[in-house]
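Below is one structure; the comments refer to it alone.
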Amino acid sequence: MGSARWLALGSLVAVAGLLEGRVVREEEAGFGECDKFFYAETPPALPAAEAHVKLCQRSAGAARFATLYSTQDRTPVYSAFRAARPGAGGQPEHGLVEPQIDDPTSNLEEMISEAEASITVSNLGSKQALNTDYLESDYQKGQLYPVPLSHDDHMATFTLTNAVPMTPSFRERWYTNLNSLMDRALAPQCGNGEDLYLITGAVPSDRRVKGKVAVPEFVWLAACCAGPGGWAMGFVKHTGDGDVIEDVMVKELEKLLPSQPQLFQNNCGDTEQDTEKMKRLLEMVNQVQDEERAVLSQERAVPLSSSKSKRSADLLPPEAPEESSSLLGKLISFIATPFIKLFQWICYLVVGVLKYLLFFLWSITKLVINGLEGCLYRLGSATISYFVAIGEELVSIPWKVLKVLVKIIRAVLRILCCLLKAVCRVLGIPVRVLVDVAMFPVHTMGAVPIVCRDIAVGLGGAVSLLFDTAFGTMGGLFQVVMGICKWIGYRVPLENSGEL
């Protein structure tokens, strides 16, 4: 795919006073009253975007269909509706616009004509397409929700918020495809369309009509049958002249779309879908595709010259009456024809010159306006940047001053700490001496008991030594005496026994 942006097509042309459109605010989760046009009243899940506007398209006091409109591409992202019966009626000459898209504060709740809206909305057309965007272009307003599929109030589909740029041939084939699919495939396989939910949309390309309205790369249709034995099917049609509408599964269609949203909740109940109905549906779709291929083949087989001759015949004036074929008439016609041709050529040349001159002047004016706008924008941006920079510097001055004061206070405190440490070290020497002198009596008095104990222990030891010496001496003398006595005693008895 080319561009990966979503495009949905809002309402084409409607009669003034009959159509009402209500812009659903962003804070609303869905489309309000128009949620009934979605399966299970659940719109497709898309990422929030400022360029998307939710519209509940109303006509004659009732909601007709829902549209998600892109103000960036000036085309809708998609249109959701219920299509049960074909409608009838023609297309109005002029389309209506939604004032609240360009001006959210506008009190105009109904869609009105451009002429009426331009009186009260000063910036009309800044975010939405207008009828003038399609004038003198190769594209026409193609409805995503076309008239043949509307049932009760077909005028509701003719709003500009339901249209995308389409070539005449592509628009004709797109409408034919939708009619054939609805009458022969979709409605017959879904209770005559009573339980059928439809969503049509378009994916934009990089091409723009007059640099504003995005031309779609392809359009698509998603159908959901919610009745018993329901089904879901998708269709894609590329904007190429030789492309045939393609049938795809809804999940495959979701992969082709930007953001890959879920179009139907639970894929339209895919676990309960009727395979037989799907088979019959695909058979009818194949018949529609074969018929379109046959029509395209016939169109290619028609010689180009025949089509040119047909167009030339349509442009020729009606035949003159028989009496004008006289000689005098032929002579006058022969003489006047060169002058008529010359006059036509001069008029054509003058018109062409004026047209290109006006186009040149308009281009020069646009360039000058764009240049001035660019200069003013750059000047404004530079001025704003300058004042923002000055403001940032002014705001930062108190903080910088506070940082400097904090650093000065920290430096002063460090100096005071250093001085206090030096004073303490200087005063520390005599303080230690005084402390030692003051503590000397304390240490001395504490040593007196120890000295007395040592003296007492020494005296006790001396007395004990004296007693030990005295008793030892006396014991030794006693032993000597006893030894002498024993020696004398033994000797006497021995001498006496000799005498006996």
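These values consider heavy atoms only, across backbone and side chains, with no hydrogens, waters or symmetry-generated copies.
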Discussion item. Rounded to the nearest 0.5 Å, what separates atom CG in Leu367 from atom CH2 in Trp362?
Written reply: 11.0 Å

Discussion item. Within a 6.0 Å radius of atom CD on Gln262, are there more than 12 heavy atoms belonging to other residues, nucleotides or ligands?
Written reply: yes

Fill in: salt_bridge(Lys366, Glu373) N-O dist < 4.0 Å
no

Discussion item. Classify the ring geometry of Tyr39 against Tyr197: parallel below 30°, tilted from 30° to 60°, perpendicular beyond 60°.
Written reply: perpendicular

Worksheet item: If we only count heavy atoms from C-beta on, is the Met278 to Met249 side-chain gap below 4.5 Å?
Response: yes

Practice prompt. Would you please test Leu253 and Leu263 for side chain to side chain contact (heavy atoms under 4.5 Å, CB included) and show each step?
Written response: CA-CA 9 Å; Leu253 174 60; Leu263 298 176; 3.9 Å; yes

Practice prompt. Begin with the C-alpha distance, continue with both residues' side-chain angles, and end with the deciding distance and a verdict on side chain to side chain contact (heavy atoms under 4.5 Å, CB included) for Thr167 and Gln140.
Written response: CA-CA 6 Å; Thr167 60; Gln140 296 178 349; over 6 Å; no

Fill in: Residues, nucleotides or ligands: over 12 heavy atoms within 6.0 Å of Asn123 CG
yes

Item to complete: Could you grab the distance from atom OG1 of Thr71 to atom CD of Glu50, nearest 0.5 Å is fine?
Response: 9.0 Å

Worksheet item: If you measure from CG on Leu256 to CD on Glu217, what distance do you get to the nearest 0.5 Å?
Response: 10.0 Å

Fill in: Phe81 and Tyr145 aromatic centres sub-6.0 Å
yes

Worksheet item: Which is it for Tyr134 and Lys210 under the side chain to side chain contact (heavy atoms under 4.5 Å, CB included) test, yes or no, and what are the steps along the way?
Response: CA-CA 8 Å; Tyr134 290 89; Lys210 296 184 179 181; over 6 Å; no

Item to complete: Walk me through it: do Phe38 and Phe264 pass the test ring pair (Phe, Tyr, Trp, His ring centres under 6.0 Å)?
Response: CA-CA 8 Å; Phe38 298 95; Phe264 303 112; 9.1 Å; no

Worksheet entry | Residue pair Met166, Glu172: steps toward the side chain to side chain contact (heavy atoms under 4.5 Å, CB included) verdict | CA-CA 9 Å; Met166 295 183 184; Glu172 182 179 357; over 6 Å; no

Fill in: Electrostatic pair Lys237-Glu292, nearest N-O below 4.0 angstrom
yes

Worksheet item: Can Arg64 and Glu33 be counted as an ion pair, charged N to O under 4.0 angstrom?
Response: no

Discussion item. Evaluate Glu136 against Lys355 for salt bridge (charged side-chain N to carboxylate O under 4.0 Å, His left out), listing each step before the verdict.
Written reply: CA-CA 12 Å; Glu136 298 182 358; Lys355 179 179 177 181; 5.7 Å; no

Worksheet entry | Separation of SG atoms, Cys268 and Cys225, below 2.5 Å | no

Discussion item. For a side chain to side chain donor-acceptor pair (under 3.5 Å) check, start with the C-alpha distance between Asp247 and Gln289, then their side-chain angles and the critical distance, and finish with the verdict.
Written reply: CA-CA 9 Å; Asp247 58 283; Gln289 292 173 342; 2.8 Å; yes

Worksheet entry | Approximate separation, where rounding is to 0.5 Å, of Thr239 OG1 and Phe218 CZ | 10.0 Å

Discussion item. Can you confirm whether the side chains of Ser79 and Thr67 place a donor and an acceptor under 3.5 Å from each other?
Written reply: yes

Worksheet item: Could you give the distance from CG (Asn286) to CG (Leu281), rounded to the nearest 0.5 Å?
Response: 9.5 Å

Worksheet, complete the sentence: Distance col, row Ser70:OG vs Lys127:NZ, nearest 0.5 angstrom, shows 11.5 Å

Fill in: Closest approach of Arg82 to Asp195 (non-hydrogen atoms, all atoms of both residues)
NH2-CA, 3.9 Å

